[in-house]
Structure formats: C-alpha cells, structure tokens
Amino acid sequence: MQIFIDSANIEEVRRAHEWGVISGVTTNPSLIAKEGRDFIATIKEMISIVGNLPLSAEVVTMDANEMVEQGKRLASIGEGIVVKIPMNEAGLIATNQLAKAGIKTNVTLIFSSTQALLAARAGATYVSPFIGRLDDINQVGMNLIEETSSIFRTHAIETQIISASIRHTAHIIEAALVGAHIATTPFKVIQQMMKHPLTDAGIEKFMADWEESKDNLGSI
Ligand code: G3P
C-alpha cells in the first residue's frame with residue numbers, strides 16, 4: 001500500500017517527501033483554506049517539491065460543466081495533477097468527461113460501496129472512501145474499504161482505492177490489510193508511524209554505550 005500525504009502545508013509536504021516515503025499528495029478545499037494562501041500558487045509550490053507524483057487538487061463548483069472546465073485548468077498545471085471531484089450527479093458527469101479527455105480523477109466523499117462502484121464505472125482513476133468520518137458517526141469506516149476492495153477485486157476494476165480521512169496509525173495497518181491501494185495520511189500520523197518507544201530507548205542505549213567506550217573503539 002502506498003502512502004500519500006493529505007496536506008496543503010508546504011513544510012509538511014517537503015519533510016515527508018524528504019523522508020522518501022510518500023507516493024503522492026491529496027488536498028481538499030478545507031486544507032487549502034486552512035493555509036490561507038493562493039490555491040494555484042500552493043499547488044505549484046507542492047509540484048516543485050514532489051515533481052510528477054500524483055497530486056489531487058479539488059474542483060470548487062457544483063456544476064458539471066464548470067467542474068470539467070476547472071478540472072482541465074488544474075490538469076494543465078502539471079503532469080501529476082489528479083482532479084478531485086465530489087461524489088454526486090454532477091461529479092459523475094464531470095468524472096466521465098474528464099476520463100474521456102484522458103485526465104485523471106479522484107472521486108471524493110465516498111461513504112458507500114455503491115458510490116465507489118458508480119465512480120469507478122464513470123471512469124475515476126481513484127476513489128476516496130472516508131473512514132474517519134464514518135467512525136465519527138458510530139459506523140465502522142474500515143468495512144467500507146474492505147467491501148469496496150472486495151468488489152473491485154472480484155470484478156477486476158482498475159480504479160485505485162485511497163483510504164481517506166485517516167485519524168491514527170491503526171487505520172493505516174487495517175487499510176493495508178483489507179486491500180486499500182493507498183492511504184492518504186495527515187503529516188502527524190506519518191510521524192507517528194515512524195515512532196516506537198523501544199526504538200528511542202534502543203538508540204539512547206547504543207549511543208550511551210558508544211560514548212562510554214569510544215576511546216578504545218577507533219572511528220568510523
Ligand atoms: O482529504 C480528504 C480526507 O482525508 C479528509 O479527512 O480528517 O477531514 O475527515 P478528514
């Protein structure tokens with residue numbers, strides 16, 4: 001399973017990319033708004049860091065034709081751009097038209113496997129089921145990833161499943177186990193993935209032992 005970073009923060013994208021662990025970036029209008037900077041300039045700056053890795057940039061209109069126009073403008077910014085489109089009737093129309101124009105799409109705000117199937121059939125490159133927001137309303141979000149993954153596998157559907165709305169590291173492991181292709185992950189959760197108290201304690205002990213005896217150990 002690949003890791004995408006779910007962020008519009010340049011510093012977060014830069015750091016996670018430097019670690020060599022991310023295979024793409026996703027944003028949404030809320031993440032862009034949180035940064036309070038020009039949308040297109042932010043997208044371009046992220047492209048300057050991640051190059052042609054897939055970078056989802058979302059349309060902000062409820063009209064299908066405008067979605068297509070915005071999608072085409074976004075796609076012209078860079079080779080890796082994936083047009084993120086909300087799951088509704090206009091979104092399906094726009095997804096289908098953009099797919100016919102050879103533009104990649106990520107259908108977002110997926111909360112059922114029927115929505116995921118429709119998005120895939122409309123030509124979506126990616127679908128983004130939101131697991132955390134389902135957990136928030138007392139449903140088991142991961143069931144949606146498992147169900148969608150099973151349907152796509154059974155019917156050889158090539159659309160990739162992005163586990164979105166990830167809240168903690170257990171979501172990452174579970175998404176990988178039930179067959180998600182990608183987990184788009186907040187920076188904080190990617191940081192948590194690398195941490196283990198036994199690793200920290202082990203490093204401290206190795207360094208202390210080295211320091212204590214280093215005069216007899218030569219140099220590297
Ligand atoms: O970018 C889509 C998704 O990951 C948002 O997550 O935490 O706002 O539910 P969240």
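Remember, it's 1-based here, ligands and their atoms both numbered in the order they're listed. The analysis underlying the following values was restricted to heavy atoms, covering all of them including side chains, and did not include hydrogens, waters or symmetry mates. We count residues from 1, following the sequence as given.
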Taking only residues two or more places apart in sequence, or in another chain, which ones meet Phe130 in a ring-ring contact (aromatic ring centres under 6.0 Å, His included)?
Phe111

Is it true that Glu45 and Arg37 have a side-chain N and a carboxylate O under 4.0 angstrom from each other?
yes

Ion pair Glu211/Lys214, N-O distance below 4.0 Å
yes

Using 30° and 60° as the class boundaries, would you call the ring planes of Phe187 and Trp19 parallel, tilted or perpendicular?
parallel

Under 3.5 Å, is there a donor-acceptor pair between the Thr184 and Thr26 side chains?
yes

Neighbouring protein residues of ligand 1 - any heavy atom closer than 4.0 Å:
Asp6, Asn28, Lys84, Phe130, Arg133, Ala164, Ser165, Arg167

Should the heavy atoms of other residues, nucleotides or ligands under 6.0 Å from CD of Glu35 be counted, would the total exceed 12?
yes

